[in-house]
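Just below is one structure, and these are the notes that go with it.
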Amino acid sequence: MKILEAKEIISLVKERLGEDFINGEIKTWNAGVKKLENKEIWLEIKPFALPRFVSILKELDEYPHSMVASAEDIGEDIQVIYHFAIYGGEFSRELQINVKVKVPKSDPRLPSISHLIPGALITEQEKEEMIGVVYENLPERKHVFLADDFPEGIYPWRKDEKGPQSLIRKVNE
Amino acid sequence: MGKVSYGYSVPVGPIHPALKEPIEFHFEIEGERVKDVKIYAGHAHRGIEWIGTRRNPIQCLYISERICGICSVTHALALAFAVEKALNIEVPPRAQYIRLIVAELERIHSHILWAGVAAHEVGFDSAFMLLWKIRENVMDLLEKITGNRVNYAIVQIGGVRRDINEELRREIWKSLDYYRTLSERIKVLLLEDPTFMMRTRNVGILSKEDALSLCAVGPTLRASGVPKDIRQDQPYIAYADIGVKAITPDIYTGEIVGDVYDKTVVRLLEIDQSIDLIDKALTMMPEGDIVYEKNLVKLLNLIKKGEGEGVGRHEGPRGEDVHYVKIVAGSENLAVWKIRAPTYNNLLPWVPMFKDAEVADIPIIVASTDPCMSCLNRVTVVYPSGRKEILTHEELHKMSVEKTRRMRKKC
């Protein structure tokens, strides 16, 4: 396993993704009295380049760790941020990589990465039920955090969402 | 060949009166063997992330402590860390050491609690009671340091709320000595007990490949032989000064199996590691401030003016805990708050662990990842004829105890 610097990783991603790469930056933070420096990479890419990006990660580290994906409703679009970590296992070697993708709310399709990192399945299922991102080629579709009878088409994390009115009425009856 | 149909299915869960996070398992059983499992989480989604977006980060700290009673400082630290990264707040060195001490004390209490639960699940109740009695000492110590036995409320954005004085230092050292003398005996009590070994060796095996590809975290991952630990990989707070090495079971046993026994080994060795870390932190702790900004109004103003996003990670007793926050200028509330508790990533690794396990091993395998629940209250066994029989948590536990008795008789 060849260990690349944060800067080198950004230029590698930029080179491989070409037009699908939007921007990338490095953030640093210190810890302890010795001010040990840790680095984080923040990237933004086009949504359909996501599996290609994960393949690059898999070249850098055989098993990239998928922490979670966070999602936000930003008006017209939905922004999903995947948090990955690579190079773990040695003191102060791990590199955290956060990848942002934006999909329009009217057509929130994203390619699934769970065939590349099986551990990302639950977080993708959560995004589907909570914010209504539609994952293509998701191996299994099911509710993880919402009840099975939760109405279709209602996504609790969307800011314009008013909630499942039918369920609320039932509670008050 | 068509699809193989298994004997019958056993739904386990979702609700037990004593648990905070119910979960539901659907086991496919053939004879006594588990062939497949489906997991349904989130029966009590409390919408904490949504609540958080209507409050400022200081208020959110106290909500985050209530996500889980056992790892309270874990969530508070991860959130504080995320906010500090988003706003570039620098935590004073002394506060970093105090955070480490409280986090490691919490690890000691959580691991001893887990060891007690594991002993109970295999019917070793005398060990369970003894271990929980031993745990009281660290709970009392946490009360002396923070004022509370659980939900310590010690973390503040940019530091901690209480200092450790000379008297407390002596108390902590006394407590560390107590655990040092006991740690060897706890190891003998569990790891060298023939019955405990029989019940946990080769049970609930998680291979290294599965652990890595399914993104397992914490002792569940390390027991499979992967030396990953955020304290080591991306050192934060005082871990950067002291240095940590991830613990794998081969240090003690010389081999890696990835079963429940190995998970016990990792947790018990981590108790020793925590004792050493606290000891070093107490010696190396520098003098100085304990918080970046004492005045809460000034701190809130700073948050209101600031803007940014940050990811806070903390290695809790159960594994990596991740909080993502986004703060926008002009509002002191969090714009986005995403919480990922360790159990979330340990849901999928359960599937290979359950494969080919016996029904009586379900309690110990569920407990082996140290999930935030004990969800085995209602088990409905559906026989092929359609007859249903409901097993309670006690009955399932009884099955586990009976298996221990049977095995004891055999040897």
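Naming convention: chains lettered A, B, ... in sequence-line order (proteins, then strands); numbering from 1 in each chain.
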**OP:** Examine whether an atom of T123(A) lies under 4.5 Å from a heavy atom of chain B, and if so say whether it belongs to the side chain, the backbone or both; otherwise answer neither.
**Re:** both

Original post:
Taking all non-hydrogen atoms of both residues, which atom of P118(A) and which atom of L214(B) are closest, and how far apart?
Top reply: CB-CD2, 3.8 Å

Subject >> Atom pair CG/OH of D210(B) and Y63(A) - distance to nearest 0.5 Å >> reply: 8.5 Å

Subject >> Spatial distance of atom NZ (K338(B)) from atom CH2 (W157(A)) [nearest 0.5 Å] >> reply: 3.5 Å

Original post:
Is the NZ atom of K142(A) crowded by more than 12 outside heavy atoms at less than 6.0 Å?
Top reply: yes

Original post:
If you check every heavy atom in residues 39-56 of chain A against those of chain B, which residues fall under 4.5 Å?
Top reply: K39(A), E40(A), W42(A)

Original post:
What closest approach, in Å, do F91(A) and R231(B) show between heavy atoms, and which atom pair accounts for it?
Top reply: CE1-O, 4.5 Å

Original post:
Counting heavy atoms not belonging to E136(A), are there more than 12 under 6.0 Å from its CD?
Top reply: yes

Original post:
Heavy-atom distance under 4.5 Å to chain A: side chain of V217(B), backbone, both or neither?
Top reply: side chain

Subject >> Interface moiety of E140(A) toward chain B, non-hydrogen atoms closer than 4.5 Å >> reply: side chain

**OP:** Look at K38(B), K85(B), K228(B), E49(B) and state which one has the largest set of heavy-atom pairs under 4.5 Å with chain A.
**Re:** K85(B)

Subject >> Validation row: V33(A), M284(B) side chains within 4.5 angstrom (heavy atoms) >> reply: no

Subject >> Pairs flagged by salt bridge (charged side-chain N to carboxylate O under 4.0 Å, His left out) wherever residues 77-86 of chain A is involved - sequence neighbours left out >> reply: none

Subject >> Note, E309(B) side chain near K100(A) side chain (heavy atom, < 4.5 Å) >> reply: yes

Original post:
Taking the side chain as C-beta and beyond, is there a heavy-atom pair between N38(A) and Y236(B) under 4.5 Å?
Top reply: no

Original post:
Does the side chain of H83(A) reach to within under 4.5 Å of the side chain of R340(B), using non-hydrogen atoms?
Top reply: no

Give the table of side-chain donor-acceptor pairs shorter than 3.5 Å for residues 94-102 of chain B, with sequence neighbours excluded, one pair per line with atom names and distance.
unit_1: R94(B); atom_1: NE; unit_2: D163(B); atom_2: OD1; d: 2.8
unit_1: R94(B); atom_1: NE; unit_2: D163(B); atom_2: OD2; d: 3.3
unit_1: R94(B); atom_1: NH1; unit_2: P286(B); atom_2: O; d: 2.9
unit_1: R94(B); atom_1: NH2; unit_2: D163(B); atom_2: OD1; d: 3.2
unit_1: R94(B); atom_1: NH2; unit_2: I164(B); atom_2: O; d: 3.0
unit_1: Q96(B); atom_1: OE1; unit_2: G32(A); atom_2: N; d: 2.8
unit_1: Q96(B); atom_1: NE2; unit_2: V91(B); atom_2: O; d: 3.1
unit_1: Y97(B); atom_1: OH; unit_2: D241(B); atom_2: OD2; d: 2.7
unit_1: R99(B); atom_1: NE; unit_2: G159(B); atom_2: O; d: 3.4
unit_1: R99(B); atom_1: NH1; unit_2: E84(B); atom_2: OE1; d: 3.4
unit_1: R99(B); atom_1: NH2; unit_2: E84(B); atom_2: OE2; d: 2.7
unit_1: R99(B); atom_1: NH2; unit_2: Q156(B); atom_2: O; d: 3.1
unit_1: R99(B); atom_1: NH2; unit_2: G159(B); atom_2: O; d: 3.1

**OP:** Specify which of K35(A), E90(A), K27(A) makes the most heavy-atom pairs with chain B at under 4.5 Å.
**Re:** E90(A)

Original post:
Do other residues, nucleotides or ligands put more than 12 heavy atoms under 6.0 Å from E37(A) CD?
Top reply: yes

**OP:** Give, for atom CG of N88(B) and atom CG of N30(A), the distance between the pair rounded to the nearest 0.5 Å.
**Re:** 10.0 Å

Original post:
Would you say the side-chain atoms of Q234(B) pair up with the backbone N or O of L95(A), donor to acceptor, closer than 3.5 Å?
Top reply: no

Original post:
So which part of K58(A) gets closer than 4.5 Å to some heavy atom of chain B, the side chain, the backbone, both or neither?
Top reply: neither

**OP:** Heavy atoms only: give me the nearest I117(A)-C215(B) pair and the separation to one decimal.
**Re:** CG2-SG, 3.7 Å

**OP:** Please name the pair of heavy atoms, one in P235(B) and one in A31(A), separated by the smallest distance, quoted to 0.1 Å.
**Re:** O-CB, 3.6 Å

**OP:** Could you list which of residues 6-26 of chain A have a heavy atom closer than 4.5 Å to any heavy atom of chain B, in residue-number order?
**Re:** none

**OP:** Heavy-atom distances under 4.5 Å only: say whether K326(B) touches chain A with side chain, backbone, both or neither.
**Re:** side chain

**OP:** Counting only heavy atoms closer than 4.5 Å, note whether D73(A) contacts chain B via side chain, backbone, both or neither.
**Re:** neither

**OP:** Of all the heavy-atom pairs spanning A85(A) and R313(B), show the shortest one and how long it is.
**Re:** CB-NH2, 4.0 Å

Original post:
E320(B), E90(B), K245(B), E209(B): which one forms the most heavy-atom pairs within less than 4.5 Å of chain A?
Top reply: E320(B)

**OP:** Answer yes or no: does atom NZ of K102(A) have more than 12 heavy-atom neighbours from other residues, nucleotides or ligands under 6.0 Å?
**Re:** no

**OP:** Any chance you could measure D229(B), atom CG, to E94(A), atom CD, to the nearest 0.5 Å?
**Re:** 10.0 Å

**OP:** Please tell me if the side chains of M67(A) and Y324(B) come closer than 4.5 Å, counting only heavy atoms from C-beta onward.
**Re:** no

**OP:** Could you look at V336(B) and say if it's the side chain, the backbone, both or neither that has a heavy atom under 4.5 Å from chain A?
**Re:** side chain

Original post:
Where on L212(B) is there a heavy atom nearer than 4.5 Å to chain A: the side chain, the backbone, both, or neither?
Top reply: both

